[in-house]
Amino acid sequence: MQGTEKGKNQPDELDIRRFQENVLDFYRRNGRHDLLWRKTNDPYHILVSEIMLQQTQVQRVTVKYPQFISVFPDVSSLAGSTLAEVLWVWKGMGYNRRAIALRTIAGLVVSRFSGLIPDDEAVLSGFPGIGKATAGSIAVFAFNRPAVFIETNIRRVFIHCFFSDRVPVSDREILPLVARTLDREHPREWYYALMDYGSVLGRRIPNPNRRSTHYHRQPAFEGSDRQLRGLILELLLQEGTMIINDLVTRTGEQPGRTGEILLALVREGFVTLENDTVRLHN
DNA sequence: TTCCTGTTGC
DNA sequence: GCAACTGGAA
C-alpha cells in the first residue's frame, strides 16, 4: 500500500478516508484472524495476552498463552497461585517481572474490584506492569472502547504513511492521527487491522520505527546482568530453596556480582533471603 | 544482527 | 530522558 497519504503530516479528510480503506482492505485479506485472544471476550484472558505481548513476538505468545490460560483459567485461580507456579508456566517468555505483575493484578482485581477487570484506562494504568499502551489495548480489545494508544506496530504504520519525509517523529505527533483515523464504531476491529498492517510493514523496507524519537537498540545479552538474572531464577525454579554459596557456585560468577543481582531480585519481589538460604518469594 | 502488540525506576 | 529488563527466531 503505497498510499497517496504518504508523507502528509497534515492529511485532509480524503487522505484519512483512503488510509482507512487501505488498512481495512489489507486486514480483510491478510489479517491474523486466527489468533486465540481475538476469539474471546473474556477480559481476563485478554489481559493475560496483552501482558504477554509486551515486547514479545506474537508467534511465541501463541504457544504460551493457551498453556497459561489452561493452568490459570480465571482471575481467582491466578490470584490464589504461588509465584513459583506462575514463573514456572511463564518460563521461556522473558521479562519475568511481567509474571509478578500479572499475579499482583489478579490479586488486586479479586480484592478490590470484585473479580472484574476494570474497563477504565486510568484505573488500568494504576496496576503494576500496565502503562499507556497496555491500558489502551485492554480498553479496546476487552471492552471495545475507542481508546487512543500507540505501540510498535501502530507507530510503524503512521510513521510510514504520514511521516515518510520526516526524521525524527515523536509519539506526540502521531497520537492526534491515531485519534483522527480511529473507527469509533468498531475500535477493536480497527486496531486489529492497524496492528496487522504494521506487523508486515518493514519486511522489505528499513524499519520505519528507527525514525521514531522513542527508538533505541538493546544492548548485547551475552554476558549481561539480564543473562545472570535469568540463570539465577532458572536455578531457583529447579531447586526450590538453595544455600547462597551453592547458588554462587552454580552460577560460576564472582560472589560480589551474583550477590548484587540477588539483592536486586529481592527488591523486585522475586526472591527471599533467610540467613544463608535463598528461595522464590511467597 | 535485528526485532518483538512496553513498563519501570532513576 | 534514559538504561534495565528477557528470550527466541529470522
Side-chain angles (χ1 to χ4, degrees), chain A residues 27 31-32 35-38 45-65 87 89-102 104-105 121 124-142 147-158 168 170-172 174 178 187-188 190-234 237 260-261 263-265 267-270:
Chain A
Y27 179 64
R32 297 174 288 186
L35 298 177
L36 279 182
W37 50 92
R38 292 186 176 183
H45 290 184
I46 292 174
L47 162 70
V48 170
S49 74
E50 291 303 331
I51 297 290
M52 284 189 167
L53 287 160
Q54 292 172 355
Q55 296 291 283
T56 305
Q57 276 148 350
V58 166
Q59 191 180 341
R60 297 176 48 215
V61 177
T62 57
V63 175
K64 190 62 70 174
Y65 169 81
L87 283 176
V89 179
W90 196 265
K91 199 151 59 85
M93 281 291 287
Y95 293 103
N96 294 301
R97 343 172 129 149
R98 293 184 296 175
I100 294 182
L102 198 46
T104 302
I105 291 170
E121 279 185 272
L124 289 166
S125 293
F127 289 147
I130 297 185
K132 288 181 177 179
T134 306
S137 50
I138 292 172
V140 168
F141 298 133
V148 176
F149 72 96
I150 294 176
E151 49 69 66
T152 192
N153 291 308
I154 297 172
R155 183 179 294 125
R156 182 159 40 220
V157 171
F158 282 90
S170 71
D171 285 355
R172 197 178 52 179
I174 297 175
V178 177
R188 180 165 157 151
W190 169 248
Y191 274 106
Y192 286 158
L194 211 43
M195 293 166 77
D196 287 358
Y197 180 58
S199 74
V200 302
L201 257 186
R203 289 272 190 269
R204 300 184 179 281
I205 59 174
N207 187 355
N209 281 341
R210 291 188 178 186
R211 291 190 279 118
S212 169
T213 54
H214 311 281
Y215 176 83
H216 45 263
R217 273 201 190 80
Q218 295 172 329
F221 178 70
E222 203 54 39
S224 69
D225 286 354
R226 308 202 306 276
Q227 185 179 37
L228 185 47
R229 278 171 64 103
L231 175 57
I232 290 172
L233 284 181
E234 175 69 30
L237 268 178
E260 283 302 314
I261 291 176
L263 287 177
L265 288 170
R267 284 193 296 273
E268 294 175 51
F270 282 98

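Being a predicted model, the structure only gives us computed values, none of them experimental. Just so it is clear, the values below take in all heavy atoms, side chains as well, and ignore hydrogens, waters and symmetry mates.
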For B:dC3, does OP1 or OP2 lie under 4.0 Å from any side-chain N or O of A:Arg156? no
Taking any heavy-atom pair under 4.0 Å as a contact, classify A:Val58: base, sugar-phosphate, or nothing. base
For A:Arg156, which of A:Val200, A:Leu194, A:Asn209 qualifies under side chain to side chain contact (heavy atoms under 4.5 Å, CB included)? A:Asn209
Within the structure shown, what part of the strands sits under 4.0 Å from A:Phe221 by heavy-atom distance: base, sugar-phosphate, or nothing? sugar-phosphate
Options B:dT7, B:dC3, C:dA10, nucleotide nearest the side-chain atoms of A:Gln54: B:dT7
Give a yes or no on whether a donor-acceptor pair under 3.5 Å exists between the nucleobase atoms of C:dC5, that is its base, and the side chain of A:Gln227. no
In whole angstrom, what separates A:Glu121's CD from B:dG6's P? 16 Å
Considering residues, nucleotides and ligands other than A:Lys132, do more than 12 of their heavy atoms fall under 6.0 Å from its NZ? no
Taking the nucleotide of DNA chain C with the closest heavy atom to each, which residue, A:Leu233 or A:Gln59, is nearer the 5' end? A:Leu233
Kindly give the atom pairs (protein nitrogen or oxygen, nucleotide nitrogen or oxygen) under 3.5 Å for nucleotides 8-10 of chain B.
unit_1: B:dT8; atom_1: OP1; unit_2: A:Gly129; atom_2: N; d: 2.7

Could you check whether any side-chain N or O of A:Asp225 sits under 3.5 Å from a backbone N or O of A:Ile261, counting only pairs where one atom can act as donor and the other as acceptor? no
Separation of A:Arg155 atom CZ from B:dC4 atom C1', in whole Å? 12 Å
In whole angstrom, what separates A:Ile205's CD1 from B:dC3's P? 12 Å
Using the C1' atom in both, what is the distance from C:dA3 to B:dT5, to the nearest Å? 22 Å
By nearest atom, which of the nucleotides C:dC5, B:dT7, B:dT5 is closest to the A:Arg226 side chain? C:dC5
note: A:Arg217, atom CZ; B:dT1, atom C1'; distance rounded to Å ~ 9 Å
Would you mind classifying the nucleic acid contact of A:Tyr192 as base, sugar-phosphate or nothing, using non-hydrogen atoms under 4.0 angstrom? nothing
Quick one: label A:Phe270 by what it contacts on the DNA or RNA (base, sugar-phosphate, nothing), any heavy atom closer than 4.0 Å. sugar-phosphate
Salt-bridged, A:Asp196 to A:Arg38, with N to O below 4.0 Å? yes
According to the interplanar angle, ranging from 0 to 90°, do the rings of A:Tyr65 and A:Trp37 count as parallel (below 30°), tilted (30 to 60°) or perpendicular (above 60°)? perpendicular
Would you say that A:Ser137 contacts A:Phe149 through its side chain, given a criterion of any heavy-atom pair below 4.5 Å between the two side chains? yes
Does A:Tyr95 have a side-chain nitrogen or oxygen under 4.0 Å from the phosphate oxygens OP1 or OP2 of B:dC4? no
Looking only at heavy atoms, what is the nearest atom pair of A:Asp171 and A:Thr213, with distance? N-OG1, 4.5 Å
A:Thr56 side chain near B:dC4 phosphate (N/O to OP1/OP2, under 4.0 Å): no
Protein-nucleotide distance (A:Leu36, atom CG; B:dT5, atom C1'), rounded to Å: 16 Å
Under 4.0 Å between a side-chain N/O of A:Arg210 and OP1 or OP2 of B:dC3, yes or no? yes
Check every atom of B:dT5, B:dG6, C:dG7 against the side chain of A:Asn96 and return the nucleotide holding the closest atom. C:dG7
What pair of heavy atoms forms the shortest contact from A:Ile154 to A:Val178, and how long is it? CG2-CG2, 4.1 Å
Whole-Å distance separating the CD atom of A:Gln218 from the C1' atom of C:dA4: 10 Å
For the backbone of A:Gln54 and the side chain of A:Thr56, can you confirm whether one donor and one acceptor N or O come within less than 3.5 Å of each other? yes
Length of the OH-C1' vector between A:Tyr27 and B:dT5, whole Å: 14 Å
Quick one: stems for DNA chain B, with Watson-Crick or G-U pairs under 3.5 Å, at least three in a row? B:1-4 with C:7-10, B:6-10 with C:1-5
Checking the side chain of A:Gln227 only, and the main-chain atoms of A:Gly223 only, is there a donor and an acceptor separated by less than 3.5 Å? yes
Once you round it to whole Å, what is the distance between P of B:dT5 and CZ of A:Phe149? 12 Å
If you look at every strand shown and take non-hydrogen atoms under 4.0 Å, does A:Trp90 touch a base, only sugar-phosphate, or nothing? nothing
Mind checking A:Arg98 for me? I need base, sugar-phosphate or nothing, with any heavy atom below 4.0 Å counting as a touch. nothing
Looking at C:dA10, B:dC4, C:dA4, which one has an atom nearest to any side-chain atom of A:Thr152? B:dC4
Is a donor-acceptor contact shorter than 3.5 angstrom present between the side chain of A:Glu151 and the base of B:dG6? no
Residue pairs passing the salt bridge (charged side-chain N to carboxylate O under 4.0 Å, His left out) test with at least one member in residues 93-102 of chain A, sequence neighbours excluded, are A:Arg97-A:Glu268
Which nucleotide, C:dG7, B:dT5, B:dC4, lies nearest any side-chain atom of A:Arg60? C:dG7
Are side-chain N/O atoms of A:Tyr215 and A:Arg211 paired as donor and acceptor at under 3.5 Å? no
Base, sugar-phosphate, or nothing: which does A:Glu50 touch, judged by heavy atoms less than 4.0 Å apart? base
